[in-house]
Visitor: 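If you scroll down you'll find the structure; I have some questions about it.
All heavy atoms count here, side chains included; hydrogens, waters and symmetry mates do not. Keep in mind that what you see is a predicted model, and the values were worked out from it rather than measured. Within every chain, numbering begins at 1; the chains are lettered A, B, ... in the order of the sequence lines, protein sequences first and strands thereafter.
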Amino acid sequence: MSESEHWHFKGPLKLLNQRAFLMAEIRQFFAARQVMEVSTPVLSTKGNTDVEIEMFVTDGLDVENSQAFLRTSPEFFHKRLLASGSGDIFEIAKVFRKGELTALHNPEFTLLEWYRLGFTLTDLFAEVCELIEHLNAVMQARPLTFKTCSYQQLFESYLGINPFAIEVDELNDFCTEKGYVGSQLTRTEALDFLFAVAIQPLMVAADGKSLVVVVYDFPIEAAALAQAHPVYGDRCLRFEILWDGVELANGYQELTDAQEQLERFQQDNKARAQKGRDQLPIDDRLIAALAAGLPACSGVAMGLERLLMCLLGQQQIQDVMGFDANNS
Amino acid sequence: MSVYSTSQFKNGLKILLDGDPYNIVENQEVKPGKGQAFNRVKIRNLKTGRVIEKTFKSNEKVEAADVMDTEMQYLYTDGEFFHFMDPNSFEQFEASETAVGETAKWLKEEDVCMVTLWNNIPLTVEPPNFVELKITETDPGLRGDTSGGGSKPATLETGAVVNVPLFVPEGEVIKVDTRSGEYVGRVKK
């Protein structure tokens, strides 16, 4: 069959209704809470320095800049809005991550991202669970069980190790035992490996229900734009939500310190250089916004295609997309 | 020494791990939202047949296993090794009993088999899909009974035992499908 014959929407057309219904329910959920919908730029002159995320690069937006980047998340613009005084906001945002194409990834996908002023990390993950529970009910999906545990408890209960106390050599031996082959892993890489390969596949319920787990207080090395933990210096105020082991949402009690944020971005760029990746232009307008004053807030991003996939009981993100990287 | 990057991983790729050749039977990419990406694979040890699970850091290099499928003529067995010859180079190879395994019961001198070589050592031997072998022992046939229905075991010249229709006599040459081990028909000489 020739390329041009793959023109039609893959999968049942009712997917379009299901997605439209999901969007409408989400908008209603936020309208009821006075969270305003916003729309922010897809193209930016500035980059996301995240070490493990690759950006699409295109022509510059003006004569001063030879290149522009497709956003990997709307976070930086959202924080500039919050610092400008917008109040609570959400966006259903198309985002782009180069090279991510697996059964759970498509290079172009949709993030539902929202920010709540004065919310702590706990307030916010409670709200995410409320949204998930509501959507699960209106979509008449399988019953849900919710569980909440710290990053440390997660590693202790599934693997019997304390991720904050174990030495990096011992951690590497442990990874080898779990099937890792290759060069010595850094502490962060080793914990990523154990989380993704040794724990996530086990995060399912045995009773036929769907299991939604909130994991909070990640290692400080994985803080990105989250605040450091006020008591434990080796942790940060970040959570993830996993549905039957599928990573669904990532949230922070947001870092408001401009200097610390700038240092983290610089650190990211150094780590990128070590991995042979391009250095990216740091978003100085975001740093300026933080310096001007970001109100205390928490924010979260949730993958909408993955959410729809979980709600519909599908195994692959492509099953709910119709148009994906293979026919775009 | 050739190497593969994990980005080249796909089913059927042959890699070397701890000195043993493996065949990739499943490759799954795992990428946390904000974390290191990995390739989780199921691989089959080509010497033992055992399937294990391993995980590589994405974009790392893995040594390729120099594995090659070559058509070869079966020559003879000396009781310990099975001897094959590459009909193009006339080079001869000895395959161990482990490498030949179940295939031994189909091996007739001069038949052409698919031999998988690793560092010039036969790892596995696949018989031809169809072989023609003589029946050396079976119960006397009911001559004239070609209506089908019943069958009986027959021992072939290579030692294999297959079920044949009742009317097929001892001394007859038959065609057998080695994939299913089933009788296909009589060979008219």
Visitor: Quick one: of B:Lys61, B:Lys57, B:Glu29, B:Gln28, who has the most non-hydrogen atom pairs under 4.5 Å with chain A?
Guide: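 That would be B:Lys57.
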Visitor: Chain B heavy atoms under 4.5 Å from A:Ser183: which part of the residue, side chain, backbone, both or neither?
Guide: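 Its backbone and side chain both get close to chain B.
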Visitor: Does the gap between the ring centers of A:Phe90 and A:Tyr115 come in under 6.0 Å?
Guide: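 No - the distance between ring centres of A:Phe90 and A:Tyr115 does not fall below the 6.0 Å cut-off.
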Visitor: Does B:Ser58 offer a backbone N or O that forms a donor-acceptor pair with the side chain of B:Thr6 under 3.5 Å?
Guide: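 Side chain of B:Thr6 to backbone of B:Ser58, a donor-acceptor pair under 3.5 Å: no, none is there.
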Visitor: Can you spot which of A:Val204, A:Leu311, A:Val213 makes a side chain to side chain contact (heavy atoms under 4.5 Å, CB included) with A:Trp243?
Guide: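 That would be A:Leu311; it is the only one of A:Val204, A:Leu311, A:Val213 passing the side chain to side chain contact (heavy atoms under 4.5 Å, CB included) with A:Trp243.
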Visitor: Side chain, backbone, both or neither: which part of A:Glu247 has a heavy atom under 4.5 Å from chain B?
Guide: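 Looking at A:Glu247, just its side chain touches chain B.
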Visitor: Between chain A and each of B:Asn59, B:Val62, B:Val30, B:Thr55, count heavy-atom pairs under 4.5 Å; write down the option with the most.
Guide: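 Most pairs with chain A among the choices: B:Thr55.
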Visitor: When you measure from the side chain of B:Glu182 to the backbone N and O of B:Asp177, does any donor-acceptor pair fall under 3.5 Å?
Guide: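 Checking the backbone N and O of B:Asp177 against the side chain of B:Glu182, no donor-acceptor pair under 3.5 Å is found.
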Visitor: Any donor-acceptor pair under 3.5 Å linking the side chain of B:Lys54 with the backbone of B:Leu17?
Guide: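 Pair absent, no side-chain N/O of B:Lys54 close to backbone of B:Leu17.
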Visitor: Report yes or no: does A:Thr110 contribute a side-chain atom to a donor-acceptor pair with the main-chain N or O of A:Ala93 at less than 3.5 Å?
Guide: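 Checking the backbone N and O of A:Ala93 against the side chain of A:Thr110, no donor-acceptor pair under 3.5 Å is found.
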Visitor: Shorter than 4.5 Å, heavy atoms on both sides: which option in A:Thr102, A:Val181, A:Asp192, A:Leu185 has the most such pairs with chain B?
Guide: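 Ranked by contacts with chain B, first place is A:Val181.
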Visitor: Between B:Thr158 (side chain) and B:Leu107 (backbone), is there a donor-acceptor pair under 3.5 Å?
Guide: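 Side chain of B:Thr158 to backbone of B:Leu107, a donor-acceptor pair under 3.5 Å: no, none is there.
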Visitor: Heavy-atom cut-off 4.5 Å, strictly under: side chain, backbone, both or neither for B:Phe38 against chain A?
Guide: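 Just its side chain gets close to chain A.
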Visitor: Pick whichever of B:Lys34, B:Arg40, B:Glu53 has the most heavy-atom pairs under 4.5 Å with chain A.
Guide: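 Most heavy-atom pairs under 4.5 Å with chain A: B:Lys34.
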Visitor: Heavy-atom distances under 4.5 Å only: say whether A:Leu104 touches chain B with side chain, backbone, both or neither.
Guide: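 No part of it gets close to chain B.
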Visitor: So which of A:Val197, A:Val51, A:Thr72, A:Asn250 has the largest heavy-atom pair count under 4.5 angstrom toward chain B?
Guide: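 When all of A:Val197, A:Val51, A:Thr72, A:Asn250 are compared, A:Val197 has the most.
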Visitor: Go through the atoms of A:Lys275 and report whether side chain, backbone, both or neither lie under 4.5 Å from a heavy atom of chain B.
Guide: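 For A:Lys275, the side chain is the part near chain B, not the backbone.
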